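Structure, as C-alpha cells:
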Amino acid sequence: MYSSVAENISQVTSRIRAAEKAAGRIPGIVQLIAVSKTRSANEVRNAVMAGAQHIGENYLQEALDKQAELSDLDITWHFIGPVQSNKTRTIADHFDWVHSVDRWKIAKRLNDQRKTAATPLNVCIQVNVSDETTKSGVSLDELPELAAQINELPNLKLRGLMAIPSPDQSNEDLAADFARMQQSLNELNELGLALDTLSMGMSGDIELAIAAGSTMVRVGTAIFGPRNYSKPDTDKK
Ligand SMILES: *Cc1c(COP(=O)(O)O)cnc(C)c1O
C-alpha cells in the first residue's frame, strides 16, 4: 500500500521517541537524518515540508543537483558517503556535516579547504566496527590517534563517531557493535575530547542503535521506500 513520505516521517519519528523512552534516554535527544540517495529533489522537498530538516546524501554530484533545486529551503546537509580526496573542496563548501571521515589526509584537506569565515565543518570519524568486508572506516586501534589529530584542526569541529555495522549479523552481534561504538566515544571523552555525537542506526536497526546511545539515526528506506538503482530506461529482461 502507498504511504506518503509525510506519513513515513511521522512513523519513524514515533519509533525514535518510543526507543528513547524504552532506553531511558532524554526525550528528543536523537536527531533524524533523512537519507535521500537516489531520490528526487521533489521527494526531498516533501520530506522537508514534513519536518525532516536534516538531509543525508552519499553521492556528491547528486547532492549538488538537489541543493541547487532546494536552495529556497532551510536544510542542514550531511555528507555520509565515501569521501574522495579530489572532492573535498566541494564537500567542504556545500555541507554542514561530514560523517564519513576515515583518514588524516581527508580531514586535513577538508580543514584546509573549508572557508575560514564560515563556521567549522562538523565531522564524525567513521569507524569500521564490524571489522570485516567493508573497507571504509578507521579501525578501533587507530581511532584514538586519528581523533586526537582531527580535534586540533581549527576549521573542523570533531563531533563524534559514525558506523555502518555489517548488516549480515544477528541482533546480538549488531548490539555488540553499537555498544563498542558507545564505549569508544566514552573512552575518547575520558582522554579529554568533548564529543557529543554517535551517528548510528538505519531503517532496520533504529531501536537497537538508540538503546546503545545513538544520537543521530540515518534513515532512508523507512522514509522514502525501497531504493531502485536501475535507470528508468534500462532493459531489465
Ligand atoms: C543508505 C544509507 C543509510 C540509510 O539506509 P536505510 O537502510 O535505507 O535506512 C544510512 N547510512 C548510510 C551511510 C547510507 O549509505
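Keep in mind it's a predicted model, so treat the numbers as computed, not measured. For ligands, and for the atoms within them, numbers begin at 1 and follow the listed sequence.
- Note on Asp93 versus Arg89: no salt bridge recorded, every NZ/NE/NH1/NH2 to OD/OE distance being 4.0 Å or above.
- Between the side chain of Asp96 and the main chain of Trp77, a donor-acceptor pair closer than 3.5 Å is present.
- When atom types are taken as modelled, the side chain of Glu62 and the backbone of Thr38 share a donor-acceptor pair closer than 3.5 angstrom.
- Side-chain polar atoms of Ser36 and Glu57 form a donor-acceptor pair below 3.5 angstrom.
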Per-pair distances, ligand 1 N/O vs protein N/O, less than 3.5 Å:
| unit_1 | atom_1 | unit_2 | atom_2 | d |
| --- | --- | --- | --- | --- |
| ligand 1 | 8 (O) | Thr221 | N | 2.8 |
| ligand 1 | 8 (O) | Thr221 | OG1 | 2.5 |
| ligand 1 | 8 (O) | Arg227 | NH1 | 2.8 |
| ligand 1 | 8 (O) | Arg227 | NH2 | 3.1 |
| ligand 1 | 9 (O) | Ser203 | N | 3.0 |
| ligand 1 | 9 (O) | Ser203 | OG | 2.5 |
| ligand 1 | 9 (O) | Gly220 | N | 2.8 |
| ligand 1 | 11 (N) | Arg218 | NE | 2.9 |
| ligand 1 | 15 (O) | Lys37 | NZ | 2.7 |
| ligand 1 | 15 (O) | Asn58 | ND2 | 2.7 |

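- Residues passing the side-chain contact (heavy atoms from CB on, under 4.5 Å) test with Arg45, sequence neighbours excluded: Asn42, Met49, Leu70, Asp72, Leu73.
- With 3.5 Å as the limit, one finds no donor-acceptor pair spanning the side chains of Gln169 and Ser166.
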